Amino acid sequence: MPFENLTDRFKSIFKKLRGQTRLTEGNMDEMMKEIRLALLDADVNYKVVKEFTNNVKEKALHQKVLETLDPSQMVVKIVHDELVDLLGSTDSELHINKNKPTIIMLVGLQGTGKTTTAGKLSYYFKNKMNKKVLLAACDTYRPAAIEQLVTVAKQVGVDVLNMGDKVSPVEIAKKAKEKAYNDHYDFLILDTAGRLQIDDDLMNELNEMKDAVKPEEILLLVDAMAGQDAVNVAMAFNERLSLTGIIMSKLDGDARGGAALSIKYMSGVPIKFMGLGEKFTDLDVFHPDRMADRILGMGDVMTLVEKAEDNVSEKEMRKTTNKIMAGKFDLNDMVDQLKQVKRMGSFSGLLSMIPGMPKITKEQIATAEQSAKNVEVIVSSMTPEEREHPEILKYSRKLRISKGCGKSVAEINKVLKQYDQMKEQMDQLGKMTKNGKMPSGMGGLSGLGGLRR
């Protein structure tokens, strides 16, 4: 989970601060020392750390935080605002050409996953923005690069321009631009070649391509887990190409997050997208304010809502709502809810977006995921009648189900207990919705007993 270590440190620092009735210069200095160490431990560049802590202290003193009755809230707000500035503020928005194709040059070192990311971008534009996308195979050097892009385009369901490996990448880019204009595409993504390291030949070719097609966006793909090496790569590419944005991959695997917090300040280039997994769906727009919320343990409700809207159809929502209102929530619905949650992403990622959610251990996450699998396996071994009417499940039926799915009767009873708890909540939800009241704490995740403390 991104920034997990830093989030824990900030929570600890602010917990101490909330215990202070007044903030003095002495405990202010102590707090700034802890923030400095937390950022350094998160692999944030030391220049960034120095600027950040100086700004926080200066603004705290300027706004007379020492004299307020509740200084902790003011300090948290100042830290939050500084994090937003550090992560890019409003600079993360994509430049879209409304009257003609938006051209994106995707650049980066070899092995960073540019071709897969080209597929993720295509998926995002096609499915979330309802746009017509063309991919162009401009990597004529890496063996099988063109074939890989053709495969990716087919999987995502977008068109690809493939002129083989005998034509120069610049000529391919020109032809792709011409096709994008003539055939009225909304987006053209140029999958360019990479190198094991930055060299003049690569940069000269990319600059020639840039001059030939004049892209709206030049996006650099970097690996979040590379730490400060990612920052150095961004600075080098920006110096030669004048980047417009960064796509940070593997942000879900970087518990420290130093590269993300350093890269905008050091290179001047904002993060525009973040990769959070291997699937084509695992690419999100980078929102600095939402990420600052998550770093400070405030959750990210907006992204959670967007994920729900993207992954749960209106038809599914209407069906579930009608069954809840009618008090007919059965085991089929329980499995459907778990599948909907699974489509939205990993349990750990979803839980991190819920404000006030206590820290969940890896063991608890693993237990919850296994619990969800058990529900699907066990329910799939039942007859349609048993799924719709679980009350008929006596011992003889449970024994038959146990033999069919390879799970014990005790595990079956556990699933049925989870169902009873979930049905009770859904019944309450139906009654309170009819009365015009909306209860808190309801939702598909409530059925996962493995997350309960």
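All values below were derived from every heavy atom in this structure, side-chain atoms included, with hydrogens, water molecules and symmetry-related copies excluded. Model, not experiment: these values are computed from the prediction.
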Atom pair [atom1]/[atom2] of [X] and [Y] - distance to nearest 0.5 Å:
| X | Y | atom1 | atom2 | answer |
| --- | --- | --- | --- | --- |
| L86 | E51 | CG | CD | 9.0 Å |
| D191 | I172 | CG | CD1 | 10.5 Å |
| K77 | E82 | NZ | CD | 10.5 Å |
| M248 | L276 | CE | CG | 11.5 Å |
| K407 | N374 | NZ | CG | 4.0 Å |
| N204 | M209 | CG | CE | 12.5 Å |

What I'd like to find out is whether the side chain of [X] reaches to under 4.5 Å of the side chain of [Y], using heavy atoms alone.
| X | Y | value |
| --- | --- | --- |
| L37 | R9 | yes |
| S122 | I189 | yes |
| F14 | V79 | yes |
| L106 | L190 | no |
| M129 | I96 | yes |
| M203 | L241 | yes |
| Q148 | T116 | yes |
| T7 | L296 | no |

Does [X], at its [atom1] atom, have more than 12 non-hydrogen atoms belonging to other residues, nucleotides or ligands within less than 6.0 Å?
| X | atom1 | answer |
| --- | --- | --- |
| D199 | CG | yes |
| E208 | CD | no |
| Y46 | OH | no |

Yes or no on side chain to side chain contact (heavy atoms under 4.5 Å, CB included) for Y185 and V133, after CA distance, side-chain angles and deciding distance? CA-CA 6 Å; Y185 285 90; V133 183; 5.6 Å; no
Might you point out which heavy atoms bring [X] and [Y] nearest each other, and give the distance in Å?
| X | Y | value |
| --- | --- | --- |
| T140 | D165 | O-CB, 3.7 Å |
| K250 | M225 | O-CG, 3.9 Å |
| G157 | K126 | O-CE, 3.1 Å |
| M291 | L251 | CE-CD2, 4.2 Å |
| K210 | S242 | NZ-CB, 3.8 Å |
| I246 | L219 | N-CD2, 4.5 Å |

Any donor and acceptor pair, going by atom type alone, linking the side chain of [X] with main-chain N or O of [Y] inside 3.5 Å?
| X | Y | value |
| --- | --- | --- |
| S380 | E376 | yes |
| K214 | D211 | yes |
| K177 | V213 | yes |
| Q228 | D43 | yes |
| T53 | K50 | yes |
| D186 | P101 | no |
| N207 | R240 | yes |
| T192 | C138 | no |
| D81 | I78 | no |

Between R36 and K33, is the side chain to side chain contact (heavy atoms under 4.5 Å, CB included) condition met? List the steps. CA-CA 5 Å; R36 187 179 302 112; K33 180 182 177 182; 4.1 Å; yes
Do E58 and N54 pass the side-chain hydrogen bond (donor to acceptor under 3.5 Å, both in side chains) test, and can you show the C-alpha distance, the side-chain angles, and the key distance before you say yes or no? CA-CA 6 Å; E58 182 181 340; N54 285 344; over 6 Å; no
Salt bridge flag under 4.0 Å for residues E171 and K174: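 Salt bridge flag = yes for K174 with E171.
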Is the closest basic N to carboxylate O distance between D293 and R290 below 4.0 Å?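 No, this pair does not count.
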Checking D29 against K57 for the salt bridge (charged side-chain N to carboxylate O under 4.0 Å, His left out) test, could you report, in this order, the C-alpha distance in whole Å, the side-chain angles of both residues, the deciding distance, and whether it holds? CA-CA 8 Å; D29 288 339; K57 185 174 182 179; 2.6 Å; yes
Please list all pairs passing the side-chain hydrogen bond (donor to acceptor under 3.5 Å, both in side chains) test where one or both residues lie in residues 98-112, with sequence neighbours left out.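 Listed once each, the pairs would be none.
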Quick one: which of E217, E216, H95 gives a side chain to side chain contact (heavy atoms under 4.5 Å, CB included) with I104?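 It is E217; the other options fail the test.
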Sort out for me which residue in V48, N45, L87, V231 forms a side chain to side chain contact (heavy atoms under 4.5 Å, CB included) with Y265.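 Per the side chain to side chain contact (heavy atoms under 4.5 Å, CB included) rule, the option paired with Y265 is V48, out of V48, N45, L87, V231.
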Worked check of side chain to side chain contact (heavy atoms under 4.5 Å, CB included) between T115 and V152: CA-CA 8 Å; T115 301; V152 164; 4.2 Å; yes
Does the salt bridge (charged side-chain N to carboxylate O under 4.0 Å, His left out) test come out yes or no for D8 and K11, once each step is laid out? CA-CA 5 Å; D8 290 343; K11 282 182 178 178; 5.2 Å; no
Go through the steps for V335 and V375 under the test side chain to side chain contact (heavy atoms under 4.5 Å, CB included), then give the verdict. CA-CA 7 Å; V335 172; V375 170; 4.0 Å; yes
When the aromatic ring centroids of F280 and Y124 are compared, is their separation below 6.0 Å?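 Centroid separation for F280 and Y124: 6.0 Å or greater.
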Name all pairs fulfilling the ring pair (Phe, Tyr, Trp, His ring centres under 6.0 Å) condition that reach into residues 125-169, sequence neighbours left out, sorted by first residue then second.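 Only F125-F187 qualify under ring pair (Phe, Tyr, Trp, His ring centres under 6.0 Å).
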